[in-house]
Amino acid sequence: MKNFTYKNPASVEEAVSFLMEPGTVAMGGGTDLLGVLKDGLLPEYPGQVVNLKNIPGLNRIEEQEDGLHIVAAATLRDVADSPVVGSRWPALQTAAKSVATPNLRNTATVAGNICQDIRCWYYRYPDILGGKINCARKSGHLCSAMMGENRYHSIFGAAKVCETPCTGKCPAHTDISAYMEMVRAGEYESAARVLLEVNPMPAITSRVCAHFCMEGCNRNTYDESLNVGSIERFLGDYILEHADQFLTKPERENGKHISIVGSGPAGLTAACYLRQSGYRVTVYEKQKEAGGCLSYAIPAYRLPKEIVRRFVGALEHMGVAFRCGCAVGTDIQLEEIYQDSDGVMLDTGTWKRPLIGLAGEELTRFGLEFLVDVNNYILEKPGSDVVVVGGGNVAMDVAITAKRLGAPNVTMVCLEQRDGMPANEEEVTRALEEGVVIQNGWGPKEVLRRDGAVSGIVFKSCPRVLDETGRFNPVYDEDKLLTLDADIILMAIGQKADLEFLNGAYEVETERGRIKALEGNRTSVDGIFAGGDVTTGPATVIKAIAAGKETAVAINRHCGLEPLEVEKAQEAREAAKLASFDLAAATAAAR
């Protein structure tokens, strides 16, 4: 062991004064602390050790009106030899006589057992099993005891002491391990409420989310990820089936009115959480139905439109007002909405086509527009030879939709290699299973024409997409070309925000063609907020939902009211969890 100062106080008061000094630990008797110091288990080695064992009167054992009192410095030998214990609590006396070795019984105290460091071997001996153990209590993220790896774990089980990797991977930071535990116990209502703390539409996200959580799942360490999406879908459908129980009207109105421009996932999320807390909420949507990308961009094979309609219907039942078929900037001006509201949220998405300067680009079709048309009415097959340019999730939706409409040949071409494609692995696998051909490492060079119509497209090789710093900076080899026949070319290489609705009425600051969101998703205009794709560019639904909640919280603070109901629910559960953990720790120590 390293050197330390040893204090042997004569009274409790003197011991307390020593323990107030920095770098000090207490030794209540026994051998645990010495073993901890020898093994270097503490984050910082103490400079001073205060011995509590020799303080007079701390080893008393006596019977009082409320039961047996054993003072902290009493040893197991004192308990075993006590006539008071033997006469009234013989089982305790027998246990004290039989536990451990004679040497430990002579030295181990009640205080030492209560104050001893964590007993889990994964924590105490991180170098066992030939390598450093990933311990959540020691800057790691994995608790082997909690995972059921029980060769060396504490007899008292495990406790969640950090954010699990699945939760950390989720943009909304859903407490996945918490609701999974409730599902295992059959407590579906409680599990559903955990989900609703961060995501009011799990029936939707379970069907369309990229499920980053499954990439971080601890089960991957042993075999494969837990199918979080399926459990989420079960709970999401359960919530919709009992919408009157979960998506409820506020108990009282707060007198504030919030307007939301756009009804994508961010706007719907904000509308839900604000309405729950008593806000009057009006949502403006230029399409004939609410839902934004959920209703018009995501194909029905991934997200049945009835699911979106049921969720929107639940919000209407809560009292959220939807003005569909109302284009802000045309049918109504933003200034009018602003004057009528205590706060405004802009969630207009990214529906505009970006142009890349490709020769013949005017003859191609915007992939997102193609998806909107399919969602509005059934199309015949788009063509016999379909080429989709792009490698993200939207490109996957475009390609699979074309295939399902009857196109015999659908080829997707993207800059990135297979392992670097923007689309998540699940979508890539689905596309391949549907018969889509994927060509990696090619960028568009020229659209071929015949009689004023598309006849094909030429691609140039792209051996590298990112530069040495990781920035997007593709390098092309013009000498290596790929030519594909095509009677329709669908461009799915990005989307832009359409900001014409601003009409210069307010100085809402923009940058790179998007609304600039400040801290709390505020804009440069007081009382106007923005969230979702219109501030970030195209992103996932769950990221938009996270932005929607963040915006709702910011709007509520702007209005100067008490925390939202969803914030209160989350705080109450966290407090209950901490209280439960403290009780479990105290019970374990008492044992």
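Atoms considered below: every heavy atom in the structure, side chains included; atoms not considered: hydrogens, waters and symmetry mates.
Judged by distance alone, the side chains of Ser524 and Glu509 never bring a donor and an acceptor atom under 3.5 Å apart. With no hydrogens or angles considered, a side-chain donor-acceptor pair links Asn521 and Thr551 at under 3.5 Å. Of the N and O atoms on the side chains of Thr205 and Glu232, at least one donor lies less than 3.5 Å from an acceptor on the other residue.
Across all their heavy atoms, Ile542 and Cys170 have their closest contact at CG1-SG, 4.2 Å. Contact between Ile493 and Val389 at its shortest, heavy atoms only, is CG2-O, 3.3 Å. Closest non-hydrogen pair, Trp351 versus Cys293, comes out as CZ2-N, 3.6 Å. Between Leu235 and Ala192, the closest heavy-atom pair is CD2-N, 4.3 Å. Between Ile176 and Cys213, the shortest heavy-atom contact is CD1-CB, 3.2 Å. The heavy-atom pair separating Gly229 from Ser206 by the smallest distance is O-CB, 3.6 Å.
Sparse packing is recorded around CD of Glu519, with 12 or fewer heavy atoms of other residues, nucleotides or ligands lying under 6.0 Å away. At most 12 non-hydrogen atoms from other residues, nucleotides or ligands lie less than 6.0 angstrom from NZ of Lys286. Within a 6.0 Å radius of CD in Glu224, no more than 12 heavy atoms belonging to other residues, nucleotides or ligands are found. Heavy atoms of other residues, nucleotides or ligands lying less than 6.0 angstrom from CD of Glu181 number 12 at most.
Listed for the Asp533 side chain is no donor-acceptor partner under 3.5 Å among the backbone atoms of Gly349. Checked by atom type and distance alone, the side chain of Asn220 pairs as donor or acceptor with a backbone atom of Met214 at under 3.5 Å. Using a distance-only test at 3.5 Å, with no hydrogens or angles considered, no donor-acceptor pair links the side chain of Thr523 to the main chain of Ala517. Glu285 contributes a side-chain N or O that, together with a main-chain N or O of Gln287, makes up a donor-acceptor pair within less than 3.5 Å. The backbone N or O of Ala327 sits less than 3.5 Å from a side-chain atom of Asp331, completing a donor-acceptor pair. At distances below 3.5 Å, at least one donor-acceptor pair connects side-chain atoms of Lys403 with backbone N or O atoms of Pro408. Side chain of Asp498 to backbone of Glu500: a donor-acceptor contact under 3.5 angstrom is found. The backbone N or O of Gly456 sits nowhere less than 3.5 Å from a side-chain atom of Asp485 that would complete a donor-acceptor pair. Distance alone, capped at 3.5 Å, places no donor-acceptor pair between the Thr174 side chain and the Leu195 backbone. In terms of modelled atom types and a separation under 3.5 Å, the side chain of Thr535 and the main chain of Gly532 share a donor-acceptor contact.
Taking the side chain as every heavy atom from C-beta outward, Ile488 and Val454 never approach each other to under 4.5 Å. Residues Met421 and Met412 form a side-chain contact, since some pair of their non-hydrogen atoms from C-beta on lies under 4.5 Å apart. Contact check for Phe366 versus Pro354: side-chain heavy atoms found under the 4.5 Å cut-off. Considering only heavy atoms from C-beta on, Asn424 stays 4.5 Å or farther from Phe212 through its side chain. Using a 4.5 Å heavy-atom threshold, the side chains of Tyr179 and Ile231 count as touching. Met345 has its side chain out of reach of Val281: every pair of non-hydrogen atoms, C-beta onward, lies at least 4.5 Å apart. Put simply, the side chain of Val374 does not reach to within 4.5 Å of the side chain of Pro299, judged on heavy atoms. Put simply, the side chain of Leu226 reaches to within 4.5 Å of the side chain of Met180, judged on heavy atoms.
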When you look at Thr348 and Val328, which way does the side chain to side chain contact (heavy atoms under 4.5 Å, CB included) test go after all the steps? CA-CA 10 Å; Thr348 52; Val328 175; over 6 Å; no

Passes side chain to side chain contact (heavy atoms under 4.5 Å, CB included), Arg302 versus Met396? Steps please. CA-CA 11 Å; Arg302 289 181 59 202; Met396 296 295 167; over 6 Å; no

Mind running side chain to side chain contact (heavy atoms under 4.5 Å, CB included) on Ile489 and Leu363 for me, showing each step along the way? CA-CA 8 Å; Ile489 299 170; Leu363 297 176; over 6 Å; no

Could you walk me through whether Leu346 and Phe501 pass side chain to side chain contact (heavy atoms under 4.5 Å, CB included), step by step? CA-CA 10 Å; Leu346 306 178; Phe501 73 95; 4.0 Å; yes

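With rounding to the nearest 0.5 angstrom, the SG atom of Cys209 is 10.0 Å from the NZ atom of Lys543. Put simply, CZ on Arg365 and CG on Leu490 are 7.0 Å apart, with the number rounded to the nearest 0.5 Å. With rounding to the nearest 0.5 Å, the separation of CD1 in Ile515 from OG1 in Thr536 is 11.0 Å. Between the CZ atom of Arg310 and the CD1 atom of Ile239 there is a distance of 11.5 Å, given to the nearest 0.5 Å. In this structure, Thr269 OG1 and Lys549 NZ are separated by 10.5 Å, a value rounded to the nearest 0.5 Å. One finds the CD1 atom of Ile307 at 11.5 Å from the CG atom of Leu294 (value rounded to the nearest 0.5 Å).
Under the side chain to side chain contact (heavy atoms under 4.5 Å, CB included) rule, Ser461 has a single partner from Leu482, Asp477, Leu481, Asp479, which is Asp477.
Checked against ring-ring contact (aromatic ring centres under 6.0 Å, His included), Phe529 has the following partners two or more places apart in sequence or in another chain: His558. With sequence neighbours excluded, the residues forming a ring-ring contact (aromatic ring centres under 6.0 Å, His included) with Tyr238 are His242, Phe246, listed by chain and number.
For the pair Arg404 and Asp397, the salt-bridge criterion is not met [side-chain N within less than 4.0 Å of a carboxylate O]. Salt bridge status for Glu427 with Arg430: present, with a side-chain N to carboxylate O gap under 4.0 Å.
Legend: side-chain hydrogen bond (donor to acceptor under 3.5 Å, both in side chains) pairs involving residues 439-452, not counting sequence neighbours, sorted by first then second residue: Lys445-Glu478.
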